[in-house]
S.K.: 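Structure provided below as structure tokens; questions to follow.
FYI, side chains are in, hydrogens and waters are out, and symmetry mates aren't considered; it's all heavy atoms of this structure.
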Amino acid sequence: MECLPTELLVDIFTWCVHSSALTVVTLGQVCRNWKAITDHSPRLFQFILLDDYSLPFHLANRVANLYLARSSGLPFDVDINILSRDNLLPLLSPFLNHIGRWRSCTIGGAKEEAVCFGDFWDRGNGEPKLEELDVVIIDPAEMDEIMAHHIQVQVSEAGDSVPPGTFKPYTISLNSNLLFMAVMLSRLPSPLTLSPLRFVTLSVSESSLTPNVHPDDLLQFLTVCPELELFSFTGSMSVPVITPEDIRRPPPIVSLPRLRSLVLHSTLATRILLSHLHTPALQELYLEHLNVDFEFPVLNPYLLPPSRSPTHSSPAPGIPPESLETGSDTGTNEITPSPTLTEIFLPSPTQLAFGFECALEDGDSDDDFSDFSQSPRSDHATGMGVRSLLGRSSPPLRVLEMDYADMRTKDFSWLFSHAESLTEFRIVASDMADRVVRMLAPDADGTVLLPRLRSLELINCQRLSGRAIVETVRERARATDDPTIEGRTIDVLEDVAVVGCANFTIDDGLELAEALGERLRFH
């Protein structure tokens with residue numbers, strides 16, 4: 001062997017590394033000469049072989065990062081073998097931030113797929129980017145049925161059985177190299193098994209037949225996504241199951257400093273999720289299909305009475321923004337130590353929820369106005385979640401859309417008093433009373449809430465009277481349209497839509513049109 005030239009040894013070693021992820025490390029331990037060859041031969045690190053049964057995930061990630069570093073910027077190929085689909089994302093996570101160097105990915109075992117990344121993009125359109133991750137949480141049995149159906153469709157249409165692809169190009173852009181990643185899992189992976197994910201868009205959705213994603217698991221997963229700008233979660237309307245073990249290990253306050261848009265759809269975990277997010281850059285909040293007419297626990301289960309507070313230090317809901325810091329060097333959601341629940345003020349009243357006593361936060365008391373609602377429990381949860389999110393983060397919120405999502409009157413009052421940057425407010429199928437919309441009119445002193453509001457849409461709000469809408473919008477328009485007001489600090493109302501509100505008549509519309517002109521849309 002000592003007589004073989006180095007070039008030939010490198011060729012032999014290159015073939016050997018196809019047998020195991022640790023082969024190149026083993027070769028370097030044979031003798032000084034072989035170690036020198038492996039240390040100075042980036043070619044040996046261009047093929048990366050991993051599986052989910054030979055090494056623990058943290059060691060597999062270390063091996064992957066070793067290969068990425070030692071390949072010295074050269075293109076690389078990845079071969080993955082998995083016994084479970086749930087392990088695909090953890091094994092691939094170290095490579096997702098190096099998509100420009102990634103030549104091919106071969107997946108075997110529980111999922112069969114071969115990807116040649118060069119087929120996805122045109123080098124003349126700039127560097128390739130992997131910006132979006134779509135995660136579907138699905139029951140394993142249902143997953144098998146979906147895969148079988150998909151293969152049958154593929155066979156009937158193309159004569160070939162090609163499973164759904166993990167990596168797909170965007171079809172909306174013809175002059176960029178954007179890819180997105182889609183995975184089907186039975187559960188969200190632990191952050192301990194993942195390298196930091198640099199996606200800017202994340203969508204997580206539950207199948208209707210899947211046991212609901214635990215809020216803690218979702219929040220923990222978000223801690224490895226520090227660069228998110230858009231996050232969307234679609235649930236299955238299952239009641240979250242919180243156990244005493246869960247409250248002894250409360251979820252973290254997740255800092256997402258770049259998040260601009262947040263969507264929550266069809267979930268009963270709204271309050272828990274919004275109570276554990278820190279989003280100082282949030283501009284758009286979309287709350288969709290959150291209303292339910294049945295009973296479910298609405299309190300924050302992690303806010304415990306002092307007698308039952310955890311003894312270990314853990315991030316607590318409601319802590320001030322200055323106690324949350326994002327790591328600047330690592331780019332991950334590093335949360336500085338937070339006060340324990342016994343170190344912050346907790347209100348004394350408690351209430352039974354989730355099977356144990358939970359402390360009440362400011363605002364948890366009954367609504368002083370006692371206005372009618374078809375969905376009082378979800379109104380309570382949504383309102384308190386919004387309070388927690390905006391109170392902690394103080395974001396420059398511009399757009400709020402509530403589609404079949406509602407709040408109590410006292411929550412709307414709180415919102416209108418705090419969301420000073422809001423420019424667009426759209427609400428669909430709300431039970432809001434007249435007193436809520438009248439809050440948007442100037443008060444006796446001429447003060448106007450939501451001073452930046454330019455667009456107001458009221459859709460299918462069946463309890464609002466036509467008089468309340470007409471008088472409120474007309475008075476606000478008079479206050480904002482008056483050109484003689486010097487130093488005006490209130491934006492002009494540019495667009496108003498009243499659609500499907502049963503008590504808003506044609507006569508009401510014509511009367512309001514006299515004040516707004518073409519700025520009004522109604523039917």
S.K.: Anything under 30° is parallel, anything over 60° is perpendicular, the rest tilted; go ahead and classify Y67 against F45.
M.R.: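 Aromatic pair Y67/F45 classed perpendicular.
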S.K.: So do the side chains of V78 and L50 get within less than 4.5 Å of each other, counting heavy atoms only?
M.R.: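 The answer is no, as the side chains (C-beta and beyond) never meet within the 4.5 Å cut-off.
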S.K.: Taking Q46 for its side chain and P75 for its backbone only, find out whether a donor-acceptor pair lies under 3.5 Å.
M.R.: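 Yes: the side chain of Q46 pairs with the backbone of P75.
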S.K.: Determine the sole option in D134, L130, V224, L230 for which the side-chain contact (heavy atoms from CB on, under 4.5 Å) test with F199 is passed.
M.R.: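 One option only clears the test, and that one is L130.
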S.K.: Using only atom types and a distance under 3.5 Å, with no angle test, would you say the side chain of N87 pairs donor to acceptor with the backbone of F57?
M.R.: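 No; zero donor-acceptor contacts below 3.5 Å.
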S.K.: Is there a donor-acceptor pair closer than 3.5 Å between any side-chain N or O of S19 and the backbone N or O of C16?
M.R.: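 Judged by distance alone, yes, a pair lies under 3.5 Å.
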S.K.: Angle between ring planes, F47 versus H18, binned at 30° and 60°: parallel, tilted or perpendicular?
M.R.: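 Answer is parallel, since the angle falls under 30°.
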S.K.: Is the backbone of S375 close enough, under 3.5 Å, to the side chain of S378 for a donor and an acceptor to pair up by distance?
M.R.: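 Judged by distance alone, yes, a pair lies under 3.5 Å.
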S.K.: More than 12 foreign heavy atoms under 6.0 Å from CZ of R377: is that the case here?
M.R.: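 Atom CZ in R377 is packed in, count exceeds 12.
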S.K.: Counting only heavy atoms not in Y404 (residues, nucleotides, ligands), do more than 12 fall under 6.0 Å from its OH?
M.R.: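 12 or below, so no.
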S.K.: Kindly indicate whether the side chain of E131, heavy atoms from C-beta on, has any atom under 4.5 Å from the side chain of V200.
M.R.: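 Side-chain contact under 4.5 Å: yes.
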S.K.: Does any part of the side chain of R271, heavy atoms only, come nearer than 4.5 Å to the side chain of L299, both counted from C-beta?
M.R.: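 Yes - at least one pair of side-chain heavy atoms lies under 4.5 Å apart.
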S.K.: When you compare the side chain of L277 with that of L262, does any pair of heavy atoms fall below 4.5 Å?
M.R.: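 With C-beta onward as the side chain, the pair touches.
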S.K.: Taking the side chain from D52 and the backbone from L83, do they hold a donor-acceptor pair closer than 3.5 Å?
M.R.: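 Yes, D52 side chain to L83 backbone: donor-acceptor pair under 3.5 Å.
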S.K.: Ignoring hydrogens and angles, tell me if any N or O in the side chain of T38 forms a donor-acceptor pair with the backbone of W34 under 3.5 Å.
M.R.: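 Yes; at least one donor-acceptor contact below 3.5 Å.
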S.K.: Is it true that R260 and E229 make a salt bridge, defined as a side-chain N closer than 4.0 Å to a carboxylate O?
M.R.: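 Salt bridge flag = yes for E229 with R260.
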S.K.: Determine whether a donor-acceptor pair (N or O, by modelled atom type, separation under 3.5 Å) exists between the side chain of D246 and the backbone of T243.
M.R.: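 Checked: pair present.
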S.K.: Testing the basics here: between R43 and L74, what is the closest heavy-atom pair and its distance to 0.1 Å?
M.R.: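 Smallest interatomic distance, heavy atoms only, reads N-CD1, 4.3 Å.
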S.K.: Is S93 reaching over with its side chain to a backbone N or O of S195, donor-acceptor style, under 3.5 angstrom?
M.R.: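 Checked: pair present.
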S.K.: Assess whether side chain to side chain donor-acceptor pair (under 3.5 Å) is satisfied between T14 and D11, documenting all intermediate values.
M.R.: CA-CA 5 Å; T14 301; D11 286 339; 5.1 Å; no
S.K.: Show me the pairs that pass side-chain hydrogen bond (donor to acceptor under 3.5 Å, both in side chains) and involve residues 101-110, at least two apart or across chains.
M.R.: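 Qualifying pairs, neighbours excluded: S71-R101, D77-R103, D77-S104.
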